[in-house]
K.L.:
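Following this message is one structure expressed as structure tokens.
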Amino acid sequence: MDRLVIRGGARLTGDLPISGAKNSALKLMAASLLTDEPLVLENMPRLADTRFMGHLLARLGVSVEERSGSVLHLDGGRLSSGFAPYELVRKMRATFNVLGPLLARRGEAKVSLPGGCAIGARPVDLHLQALEAMGAEIELSEGYVLAKTPRGGLAGGHVVFPMVSVGATEHAMLAAVLARGETVLDNCAREPEIADLAECLNAMGAKVSGAGSPTIRIEGVERLSGATWPVVPDRIETGTYAIAAAATGGDVRLTNVRPEHNEALWSALEHAGVKVVEGDGVVEVSRDGPLKPVDIHTAPYPGFPTDLQAQFMTLMTLADGASVIRETIFENRFMHAPELARLGANIDVRGNEAVVRGPARLKGAPVMATDLRASVSLVIAGLAAEGETVIRRIYHLDRGFERLEEKLSACGANVRREKDTEQDA
Ligand SMILES: CC(=O)N[C@H]1[C@@H](OP(=O)(O)OP(=O)(O)OC[C@H]2O[C@@H](n3ccc(=O)[nH]c3=O)[C@H](O)[C@@H]2O)O[C@H](CO)[C@@H](O)[C@@H]1O
Ligand SMILES: C=C(OP(=O)(O)O)C(=O)O
């Protein structure tokens, strides 16, 4: 296992290129199950999660080939299995989204219940309800979902999601594209990853409209073809490095981004006294004055993303005054707070609210990464702190941040990865 050693205090400056979005790439990869022609994904991030998803697809019979220039070639022409075992599903959420496409293509599937960051209970009831609305017969047994379609395959249905779910919206789309007739999905998630998936499916010959709005309509087609599709830039990586620039009083130009996908963050940063200049595919983030406290609450897109809450909390520890951070999506997503306290942050967590009192003079400390976004909030804290911060269990980070040390080092950060020889008790 590796650990990250950060010597804080350097301002981040320069250009920082953003990779394709993990949370989009994973669902696009699942779309390769829907066709017997190649799906070629460009701007693919190389991450532990995308590799893991690749292993699962390969087990199902998809040929998975990484090509140069961030290209992933997927060929589902020899799909041979509908069984997604626990060992290949357990590490993250998106693997569960193979269920719908397998059902649509093969008529039956057995898929383990998923894993993912331990940030709440994270049930999959909405995914299953959507598949049932399309006629799937579903049974749960020994940690697995056993699903089959009635004779004739999935049929269009009407789904009204009782709450907004990114994964369930995407899962329903992935199944409905090959269902007979029209499917209407109401109260859908509107994240940019949803539109990215819809546009890729349409490039494959699907008929999806309304993605990015609360109602999505899908006219099922008999078959899908292959396509070449560029993965949308990662708005969470973008936001993370923007916050890191602000935290270090730096001046960074983030490139290969879609600035319009982060409006909630830009507004919060501007209220905090950070300068944000949006351009065409780039955004410049800088700060030279003191940070002001800003209250935020997380919400489905276009609200403030839960995946940037931990990073923003780190920034608020440096602000001059108290801020309140409310997490409304996941019930256990403040695990970074006690770790940030090791560096000297003053954070009081009560239920789904954290009161952050700043400005803290952060000092480097040994900390433990607890989940993906929490880990990177510790990286930001380490960059802004005096002295050395050692972050252990960084396999969480490797799930979602491509070449993190390299990108940060190129902007002047003092970050290195080394083998962690200490054993966990
Ligand atoms: C791989 C991926 O894309 N992960 C993202 C996705 O996760 P994920 O798709 O798992 O998140 P959801 O949008 O589904 O979750 C939102 C809320 O709905 C609940 N829920 C969800 C499904 C369900 O069947 N039943 C149910 O109750 C969840 O527990 C949570 O409280 O969106 C989250 C919210 O933006 C992000 O934090 C994750 O990074
Ligand atoms: C929580 C995340 O991933 P997952 O949904 O796979 O746990 C994340 O990307 O922040």
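Start at 1 and go down the list; that is how both ligands and their atoms are numbered. Bear in mind the structure is a predicted one, so any value in this text is a computation, not a measurement. Note: hydrogens, waters and symmetry copies are ignored here, and every other heavy atom, side chains too, is used.
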K.L.:
Looking only at heavy atoms, is any part of N23 under 4.0 Å from ligand 2, and if so is it the side chain, the backbone, or both, or is it neither?
P.N.:
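Side chain only; the backbone of N23 stays clear of ligand 2.
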
K.L.:
Return the closest protein heavy atom for atom 9 (O) of ligand 1 as residue, atom name and distance.
P.N.:
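Looking only at protein heavy atoms, the one closest to atom 9 (O) of ligand 1 is G167 N, 2.7 Å.
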
K.L.:
Apply salt bridge (charged side-chain N to carboxylate O under 4.0 Å, His left out) to R67 and E65, showing your working.
P.N.:
CA-CA 6 Å; R67 297 195 175 160; E65 205 188 304; 3.0 Å; yes

K.L.:
Got the closest protein heavy atom to atom 8 (P) of ligand 1, with its distance?
P.N.:
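Looking only at protein heavy atoms, the one closest to atom 8 (P) of ligand 1 is R122 NH2, 3.8 Å.
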
K.L.:
Could you check which of V124, D307, I236, L126 puts a non-hydrogen atom nearest to atom 37 (O) of ligand 1?
P.N.:
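When every heavy atom of V124, D307, I236, L126 is considered, D307 comes closest to atom 37 (O) of ligand 1.
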
K.L.:
From atom 2 (C) of ligand 2, work out which of K22, M92, H396 has a heavy atom at the shortest distance.
P.N.:
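Among K22, M92, H396, the closest heavy atom to atom 2 (C) of ligand 2 comes from K22.
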
K.L.:
Check whether any side-chain N or O of E402 sits under 3.5 Å from a backbone N or O of R46 as a donor-acceptor pair, and report yes or no.
P.N.:
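Checked: pair present.
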
K.L.:
Considering only protein heavy atoms, which is closest to atom 19 (C) of ligand 1, and at what distance to one decimal place?
P.N.:
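Answer for atom 19 (C) of ligand 1: M163 CE, 3.7 Å.
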
K.L.:
For atom 25 (N) of ligand 1, what is the nearest protein heavy atom, given as residue, atom name and distance?
P.N.:
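Nearest neighbour among protein heavy atoms for atom 25 (N) of ligand 1, to 0.1 Å: D125 OD1, 2.7 Å.
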
K.L.:
Taking L33's backbone N and O only, do any of them form a donor-acceptor pair with R105's side chain (distance below 3.5 Å, no angle check)?
P.N.:
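Answer holds: yes.
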
K.L.:
Is the contact between F330 and ligand 1 made by the side chain, the backbone, both, or neither, using heavy atoms and a 4.0 Å cut-off?
P.N.:
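The side chain, only.
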
K.L.:
Write out the residue and atom name of the closest protein heavy atom to atom 27 (O) of ligand 1, then the distance separating them to 0.1 Å.
P.N.:
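The protein heavy atom lying closest is P123 CG, 3.3 Å.
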
K.L.:
How long is the gap from CG on L26 to CE on M29, to the nearest 0.5 Å?
P.N.:
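L26 CG to M29 CE: 7.0 Å, rounded to 0.5 Å.
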
K.L.:
Just need the protein heavy atom nearest to atom 31 (O) of ligand 1, so name the residue and atom and give the distance.
P.N.:
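Closest protein heavy atom to atom 31 (O) of ligand 1: I329 O, 2.6 Å.
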
K.L.:
What about V166: any of its N or O atoms under 3.5 Å from an N or O on ligand 1?
P.N.:
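It does: an N or O of V166 is found under 3.5 Å from an N or O of ligand 1.
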
K.L.:
Under 3.5 Å, is there a donor-acceptor pair between the side chain of T169 and the main chain of A189?
P.N.:
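Side chain of T169 to backbone of A189, a donor-acceptor pair under 3.5 Å: yes, one is there.
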
K.L.:
List the closest protein heavy-atom neighbour of atom 10 (O) of ligand 2: residue, atom name, distance to the nearest 0.1 Å.
P.N.:
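Here the closest protein heavy atom is R373 NE, 2.7 Å.
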
K.L.:
Any luck finding a side-chain donor-acceptor pair between D295 and S323 under 3.5 Å?
P.N.:
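Looking only at side-chain atoms, S323 and D295 do not form any donor-acceptor pair under 3.5 Å.
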
K.L.:
Quick one: nearest non-hydrogen protein atom to atom 1 (C) of ligand 2, plus distance?
P.N.:
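The answer is R333 NH2, 3.6 Å.
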
K.L.:
Using a 4.0 Å heavy-atom cut-off, which part of E331 comes near ligand 1: side chain, backbone, both, or neither?
P.N.:
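It is neither part, as no heavy atom is under 4.0 Å.
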
K.L.:
Say you draw a straight line from CG of L28 to OG1 of T50; how long is it, rounded to the nearest 0.5 Å?
P.N.:
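Between atom CG of L28 and atom OG1 of T50 there are 12.0 Å.
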
K.L.:
In the protein, which heavy atom is nearest to atom 6 (O) of ligand 2, and how far is it?
P.N.:
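Answer for atom 6 (O) of ligand 2: R399 NH2, 2.7 Å.
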
K.L.:
Using distance alone, determine whether S165 and ligand 1 share an N or O pair under 3.5 Å.
P.N.:
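Such a contact does occur with ligand 1.
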
K.L.:
Go through the side-chain N and O atoms of S377 and Q311 and say whether any donor and acceptor fall under 3.5 Å apart.
P.N.:
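Not at all, the side chains of S377 and Q311 share no donor-acceptor pair under 3.5 Å.
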
K.L.:
Taking N or O atoms only and a 3.5 Å limit, does I119 qualify as a polar contact for ligand 1?
P.N.:
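N/O-N/O distance under 3.5 Å: no.
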
K.L.:
Return the residue, atom name and 0.1 Å-rounded distance of the protein heavy atom closest to atom 3 (O) of ligand 1.
P.N.:
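That would be K27 NZ, 2.8 Å.
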
K.L.:
Is K91 near ligand 2, meaning one of its heavy atoms is under 4.0 Å from it?
P.N.:
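Per 4.0 Å heavy-atom rule, K91 does not contact ligand 2.
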
K.L.:
Under a 3.5 Å distance rule, please check whether T35 uses its side chain to pair with a backbone N or O of L224 as donor and acceptor.
P.N.:
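Yes, because the side chain of T35 sits within donor-acceptor range (under 3.5 Å) of the backbone of L224.
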
K.L.:
Do any N/O atoms on A168 end up under 3.5 angstrom from N/O atoms on ligand 1?
P.N.:
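Checking ligand 1 against A168, no N or O pair falls under 3.5 Å apart.
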
K.L.:
Compute the shortest N/O to N/O distance between E170 and ligand 1 and return yes if it is under 3.5 Å, no if not.
P.N.:
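Between E170 and ligand 1, no N or O pair is found under 3.5 Å apart.
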
K.L.:
For K22, is at least one N or O under 3.5 Å away from an N or O on ligand 1?
P.N.:
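Not met; the criterion fails.
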
K.L.:
Please determine, by modelled atom types, if T306 and E327 share a side-chain donor-acceptor pair under 3.5 angstrom.
P.N.:
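Yes, E327 and T306 have a side-chain donor paired with an acceptor closer than 3.5 Å.
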
K.L.:
Flag the pair H297 / F304 as yes when their ring centroid distance falls below 6.0 Å, and as no otherwise.
P.N.:
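So the answer is no for these two rings.
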
K.L.:
Around atom 5 (O) of ligand 2, find the nearest protein heavy atom and jot down its residue, atom name and distance.
P.N.:
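Its nearest protein heavy-atom neighbour is R122 NH2, 2.8 Å.
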
K.L.:
Any idea which atoms of ligand 2 are less than 4.0 Å away from a heavy-atom of L372?
P.N.:
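Heavy-atom distances to L372 below 4.0 Å select 8 (C), 9 (O), 10 (O).
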
K.L.:
Going by an N to O cut-off under 4.0 Å, is there a salt bridge joining K148 and E139?
P.N.:
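The answer is no: the pair does not qualify as a salt bridge.
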
K.L.:
Please work out, at 4.0 Å between heavy atoms, whether the side chain, the backbone, both, or neither of R333 comes within that distance of ligand 1.
P.N.:
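Within the 4.0 Å criterion, R333 contacts ligand 1 through side-chain atoms alone.
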
K.L.:
So which heavy atom in the protein is nearest atom 34 (C) of ligand 1, and how far is it from that ligand atom?
P.N.:
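Scanning the protein heavy atoms, the shortest distance from atom 34 (C) of ligand 1 goes to T306 CG2, 3.8 Å.
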
K.L.:
Got a salt bridge between R342 and E339, using NZ or NE/NH1/NH2 to carboxylate O under 4.0 Å?
P.N.:
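Between E339 and R342 there is a salt bridge, with a charged N closer than 4.0 Å to a carboxylate O.
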
K.L.:
Restricting to non-hydrogen atoms, name the atom on P85 and the atom on S112 that form the minimum distance, rounded to 0.1 Å.
P.N.:
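Minimum heavy-atom contact is C-CB, 4.0 Å.
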
K.L.:
By the definition side-chain contact (heavy atoms from CB on, under 4.5 Å), identify the one residue from I325, D307, T328 that meets it with T298.
P.N.:
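Answer after filtering I325, D307, T328: T328.
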
K.L.:
Do any N/O atoms on R93 end up under 3.5 angstrom from N/O atoms on ligand 2?
P.N.:
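Between R93 and ligand 2 (N or O atoms, distance only) the closest approach is under 3.5 Å.
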
K.L.:
Side-chain donor-acceptor pair under 3.5 Å between S24 and D196, yes or no?
P.N.:
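Note: S24 and D196 side chains meet the donor-acceptor criterion.
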
K.L.:
Quick one: does N23 get an N or O within less than 3.5 Å of an N or O on ligand 1?
P.N.:
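By distance alone, the answer is yes.
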
